[in-house]
Amino acid sequence: MREYKTRLLTGDSLGIQEAAALLRAGELVGIPTETVYGLAANALDGGAVGRIFTAKGRPQDNPLIVHIADIEGLPPLAAEIPELAKKLAKAYWPGPLTMIFRKSALIPDEVSAGLSTVAVRMPYHPLARAVIRAAGVPLAAPSANLSGSPSPTTAAHVMADMAGRIPAVLDGGECAVGVESTVVDITGPTPCLLRPGGVTPAMLAAVAGGVSVNPAVVNRLPDGAVAASPGMKYKHYAPKAHVVLVRGTPAAYAAFVNSHRTEPVTAMCFDGEEGALRVPYITYGRREDSAEQAHRVFDALRRLDEIGAGTVYCACPPEEGVGLAVYNRLLRAAAFEVIDVDG
């Protein structure tokens, strides 16, 4: 893999044009979106897309999401656009929603991991859309981190993982949402949620009239099963620390964690609940505020490694609304290791 002197580009017109020129030349650029930072390449250039997998160390059978700047960018990428897609796009684009379509012949196999479908979204971060427009091509852009590690929500996170691996990172500040987009498959008779995010199942159902949830959202994907969406198949989002999810009331969680205080453990808990703990801790939002948890969860996971945490007992978030997205990410960070302390 080529070694780069990675530059941090400012989010002004000059930075946008520099990023766009690199992308047109087949290079990779870290770009901001409202969800997490993406590692972008020209989605129509299989060779450029292949370099994403190399830079990230990403498995080749894990499909990518294609990002567009406006609705006119969708028809060339999809073989067909169901009426439901138009309704969802009207309601939630631009925004943190990815829809899966039957792909057109323009989509390289490197993007779709050999599947007959393509995942597409229109981000609402103004810099993301400005770069797409300036580059003149749709962009394939998974999270701009080393594969399996916590996703980046600041340019500094991207630099920590990607410095030397890519030519540039465009600094667009801190990501607003903080977890990757919702992914919904609309190729079947009933829309199916494959990955939860900022657009919740209830929000989808309000437009679609109903939505099913793939079992892999809260369970391991069976061995040999095909991943139809990013974030389904592998242990993801994990720090070097050993994370264990702990489900229970604040009192039960504190009692469980404190029972291990003679061991080198760290708590990852909710704001306002740290006073009951007798071990080192990191907080990631208030228990009742799932949006705040989503905004902070990846930064908290990265901070665990910064402080050298070994075993981490993480307070389990509520599993509804945006909380389902936070739970989904933490399940994978914990490799599905969950302890219930209420019973």
Side-chain angles (χ1 to χ4, degrees), residues 32-37 96 143-162 173-181 195-198 231 235-248 250 253-254 256-258 260-261 264-339 341:
T33 79
E34 72 278 14
T35 57
V36 300
Y37 273 72
S143 55
N145 57 312
L146 294 173
S147 187
S149 65
S151 298
T153 55
T154 67
H157 292 164
V158 183
M159 292 293 284
D161 278 16
M162 290 289 129
E174 190 175 3
C175 298
V177 177
V179 293
E180 295 84 354
S181 61
R195 184 178 72 184
K235 181 182 177 181
H236 270 22
Y237 321 115
K240 297 180 180 67
H242 172 210
V243 178
V244 180
L245 271 179
V246 180
R247 182 186 286 117
Y253 170 76
F256 173 82
V257 171
N258 289 337
H260 293 270
R261 65 183 177 275
V265 301
T266 302
M268 184 168 154
C269 64
F270 298 115
D271 288 6
E273 298 180 11
E274 63 270 22
L277 301 176
R278 302 294 178 263
V279 303
Y281 63 86
I282 283 175
T283 62
Y284 75 106
R286 292 166 291 173
R287 183 180 288 265
E288 68 277 9
D289 192 339
S290 294
E292 184 181 21
Q293 294 163 26
H295 181 71
R296 294 174 54 187
V297 64
F298 285 138
D299 183 68
L301 289 171
R302 284 178 174 266
R303 287 173 57 206
L304 292 172
D305 284 343
E306 291 173 6
I307 66 173
T311 296
V312 177
Y313 291 121
C314 178
C316 192
E319 300 159 31
E320 57 188 22
V322 177
L324 179 63
V326 181
Y327 178 63
N328 169 271
R329 301 325 189 263
L330 288 172
L331 265 181
R332 282 158 172 78
F336 292 87
E337 188 175 355
V338 183
I339 296 173
V341 295

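Numbering of residues begins at 1 and proceeds along the displayed sequence.
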Does Asp305 have any salt bridge (Lys or Arg N to Asp or Glu O under 4.0 Å) partners at least two apart in sequence or in another chain, and if so, which?
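Not a single residue meets the salt bridge (Lys or Arg N to Asp or Glu O under 4.0 Å) criterion with Asp305.
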Which atom names give the shortest non-hydrogen contact between [X] and [Y], and what distance separates them?
| X | Y | result |
| --- | --- | --- |
| Ser151 | Val36 | CB-CG1, 4.0 Å |
| Pro239 | Ala333 | CD-CB, 4.5 Å |
| Val341 | Gly248 | CG2-CA, 3.9 Å |
| Ala176 | His295 | O-ND1, 2.9 Å |
| Tyr37 | Cys175 | CD1-SG, 3.5 Å |

Check: [X] side chain, [Y] main-chain N or O, donor-acceptor pair, under 3.5 Å:
| X | Y | answer |
| --- | --- | --- |
| Thr33 | Thr35 | yes |
| Asn258 | Ala276 | yes |
| Gln293 | Ala291 | no |

Is it the case that atom OH in Tyr281 sees more than 12 heavy atoms from other parts of the structure closer than 6.0 Å?
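No - once you tally the heavy atoms of other residues, nucleotides and ligands closer than 6.0 Å, there are 12 at most.
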Please identify each residue that fulfils side chain to side chain donor-acceptor pair (under 3.5 Å) with Asp271, with sequence neighbours left out.
Thr283, Arg296
List in chain and number order the residues that pass side chain to side chain donor-acceptor pair (under 3.5 Å) with Glu337, two or more places apart in sequence or in another chain; answer none if no residue qualifies.
His242
Residue pairs passing the salt bridge (charged side-chain N to carboxylate O under 4.0 Å, His left out) test with at least one member in residues 275-291, sequence neighbours excluded, are Glu273-Arg287, Arg286-Asp289, Arg286-Glu292
Partner residues of Ala325 under the side-chain contact (heavy atoms from CB on, under 4.5 Å) criterion, sequence neighbours left out
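Expected list: Val179, Pro196, Arg329.
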For a 4.5 angstrom cut-off between non-hydrogen side-chain atoms, does [X] reach [Y]?
| X | Y | answer |
| --- | --- | --- |
| Leu304 | Thr266 | yes |
| Leu277 | Tyr253 | yes |
| Met268 | Leu330 | yes |
| Ser181 | Arg195 | yes |

Can you list, pair by pair, the side-chain donor-acceptor contacts under 3.5 Å of residues 307-324, counting residues two or more places apart and other chains?
{"residue": "Glu319", "atom": "OE2", "partner": "Arg247", "partner atom": "NE", "Å": "3.1"}
{"residue": "Glu319", "atom": "OE2", "partner": "Arg247", "partner atom": "NH2", "Å": "3.1"}

Tell me which one of Thr154, Thr153, Asp161 satisfies side-chain contact (heavy atoms from CB on, under 4.5 Å) with Arg302.
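Testing Arg302 for a side-chain contact (heavy atoms from CB on, under 4.5 Å) against Thr154, Thr153, Asp161 leaves exactly one candidate, Asp161.
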Phe298 CZ to Arg303 CZ distance, which is reported to the nearest 0.5 Å
15.5 Å
State the CE-NE2 distance between Met162 and His157, to the nearest 0.5 angstrom.
13.5 Å
Please step through side-chain contact (heavy atoms from CB on, under 4.5 Å) for the pair Val326 and Tyr284, ending with a clear verdict.
CA-CA 11 Å; Val326 181; Tyr284 75 106; 4.0 Å; yes
